[in-house]
Amino acid sequence: MGYFDVPEIDYTRYSNRQLAAVPLAVLAVALAILGVWFVAYGTPVNAGMDFAGGTEIVVETSTDREEIPAAFEEEPSSIQSVQVEDDQYIVQFTSTDQEWLSEQAEANLEPAGDADVIQQVSSTSASFGAQAQQTALLGVSVAFVGMSVIAFLLFRTFVPSIAIVASAFSDIMIPLAFMNLAGIELTLGTVAALLLLIGYSVDSDILLNNHILRQSGGFYESTYRAMRTGVTMTVTSMVAMLVMAISAYAFGIELLTAIGLILFVGLAADLMNTYMLNLSLLRWYKFEGVKR
């Protein structure tokens with residue numbers, strides 16, 4: 001049976017500036033990527049069909065998957081296999097012209113048996129998608145502000161509270177930048193992953209703050225007690241998300257693959273931000289800030 005032992009890190013070897021430098025540098029790179037994306041594409045993260053609008057056609061065809069794009073004048077933005085049905089594919093386009101796309105599918109794709117080529121067609125208008133995007137981003141903002149308010153109510157001190165908020169902010173920005181680099185679009189599903197990350201982030205940060213500020217024992221002893229629980233919890237979740245992403249990729253389920261990858265990267269960022277950025281701020285507060 002495997003055994004996972006959390007190593008005890010000698011934090012006395014590093015200054016607060018050294019500990020904070022790495023997570024702040026990674027955050028700066030993430031913000032730079034999001035900024036470049038905004039300048040180049042007008043949005044910090046590429047929006048999927050849920051938010052940008054488009055058409056989704058479910059087709060049943062004997063045409064090979066690789067040859068499906070050639071059947072349409074517009075390049076599909078996504079093609080996914082339907083696992084429960086042979087020869088069925090979900091094809092997405094940025095165009096909202098259902099009739100135009102349906103005519104091309106019927107004319108250029110080979111039917112599989114006696115079934116019709118087109119099984120289902122649905123569209124999302126650009127205006128509705130933009131409205132849905134605003135609602136989703138409002139939900140993320142409300143969740144983040146709510147988390148920040150709870151942090152300030154719990155600790156009622158500026159530095160420990162702002163350490164939690166800063167760590168959670170970085171935990172969200174790093175996966176967003178990763179989404180751009182990995183070609184993952186912002187959809188309702190990936191927004192749900194970002195909301196989960198806010199919950200994971202505040203959980204591990206409050207655990208660390210509670211052990212250091214409210215429990216008996218020295219600073220480094222309390223830090224190690226928090227790490228044994230927090231690191232075990234986060235690493236276990238990372239492994240679960242990685243297994244989910246690999247399994248979903250093997251079965252061609254793009255959304256679950258994207259959610260698994262986002263959570264894996266976000267949890268890795270949370271480990272770094274909690275035990276380097278948050279910890280450095282708490283140590284400064286404990287040994288220097290309280291005396292002022």
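Starting from 1, each residue takes its place in the sequence as its number.
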Whether over 12 other heavy atoms sit under 6.0 Å from Gln18 CD: yes

Other residues, nucleotides, ligands: >12 heavy atoms within 6.0 Å of Arg214 CZ: yes

Verdict with supporting geometry, Tyr285 and Leu213, side-chain contact (heavy atoms from CB on, under 4.5 Å): CA-CA 10 Å; Tyr285 171 75; Leu213 300 177; 4.0 Å; yes

Can you check whether [X] reaches [Y] side chain to side chain, under 4.5 Å on heavy atoms?
| X | Y | value |
| --- | --- | --- |
| Glu106 | Asp116 | no |
| Leu27 | Leu277 | no |
| Glu60 | Val117 | no |
| Leu31 | Met173 | yes |
| Ile79 | Ile90 | no |
| Leu176 | Met179 | yes |
| Val243 | Met241 | no |

Cluster overlap Leu137 with Ile198, hydrophobic side-chain contacts below 4.5 Å: yes

Shared hydrophobic cluster for Leu154 and Ile164 (ILVMFWY, side-chain gaps under 4.5 Å): yes

Nearest heavy-atom pair of [X] and [Y]: which atoms, and what distance?
| X | Y | answer |
| --- | --- | --- |
| Ile57 | Ser102 | CD1-N, 4.3 Å |
| Asn273 | Ile174 | ND2-CD1, 4.2 Å |
| Ile262 | Leu197 | O-CD1, 4.1 Å |
| Leu109 | Ala71 | CD2-CB, 3.6 Å |
| Met276 | Leu19 | CB-O, 3.5 Å |
| Pro111 | Ser62 | O-OG, 3.5 Å |

Residues clustered with Tyr249, ILVMFWY side-chain links under 4.5 angstrom: none

With sequence neighbours left out, which residue pairs that include part of [range] fulfil the ring pair (Phe, Tyr, Trp, His ring centres under 6.0 Å) condition?
| range | result |
| --- | --- |
| residues 16-65 | Trp37-Tyr41 |
| residues 210-243 | Phe219-Phe287 |
| residues 90-141 | Phe72-Phe93 |
| residues 130-186 | none |

Would a distance-only check, ignoring hydrogens and angles, find a side-chain to backbone donor-acceptor pair under 3.5 Å from [X] to [Y]?
| X | Y | result |
| --- | --- | --- |
| Gln80 | Tyr89 | no |
| Asn180 | Pro44 | yes |
| Ser148 | Val165 | no |
| Asp10 | Thr12 | yes |
| Asp203 | Gly199 | no |
| Ser167 | Asn278 | no |
| Asp87 | Ala112 | no |
| Asp270 | Gly266 | no |
| Arg283 | Tyr11 | yes |
| Thr43 | Val45 | yes |

Donor-acceptor pairs under 3.5 Å, side chain of residues 186-194 to any protein atom, not counting sequence neighbours: which ones?
residue: Thr187; atom: OG1; partner: Gly189; partner atom: N; Å: 3.3
residue: Thr187; atom: OG1; partner: Thr190; partner atom: N; Å: 3.3
residue: Thr187; atom: OG1; partner: Thr190; partner atom: OG1; Å: 3.4
residue: Thr190; atom: OG1; partner: Glu185; partner atom: O; Å: 3.2
residue: Thr190; atom: OG1; partner: Thr187; partner atom: N; Å: 2.6
residue: Thr190; atom: OG1; partner: Thr187; partner atom: O; Å: 3.1

Side chain to side chain contact (heavy atoms under 4.5 Å, CB included) partners of Thr229, counting only residues at least two apart: Leu207

Working for side-chain contact (heavy atoms from CB on, under 4.5 Å), residues Leu282 and Leu208: CA-CA 9 Å; Leu282 284 175; Leu208 178 65; 4.0 Å; yes

side-chain contact (heavy atoms from CB on, under 4.5 Å) evaluation trace for Val231 with Thr274: CA-CA 10 Å; Val231 171; Thr274 300; over 6 Å; no

Tell me every residue that passes side chain to side chain donor-acceptor pair (under 3.5 Å) with [X], counting only those two or more places apart in sequence or in another chain.
| X | result |
| --- | --- |
| Glu56 | Gln92 |
| Ser122 | none |
| Gln98 | Ser123 |
| Ser78 | Glu254 |

Residues forming a salt bridge (charged side-chain N to carboxylate O under 4.0 Å, His left out) with Glu221, sequence neighbours excluded: Arg225

Donor on one side chain, acceptor on other, Asn16 and Ser280, under 3.5 Å: no

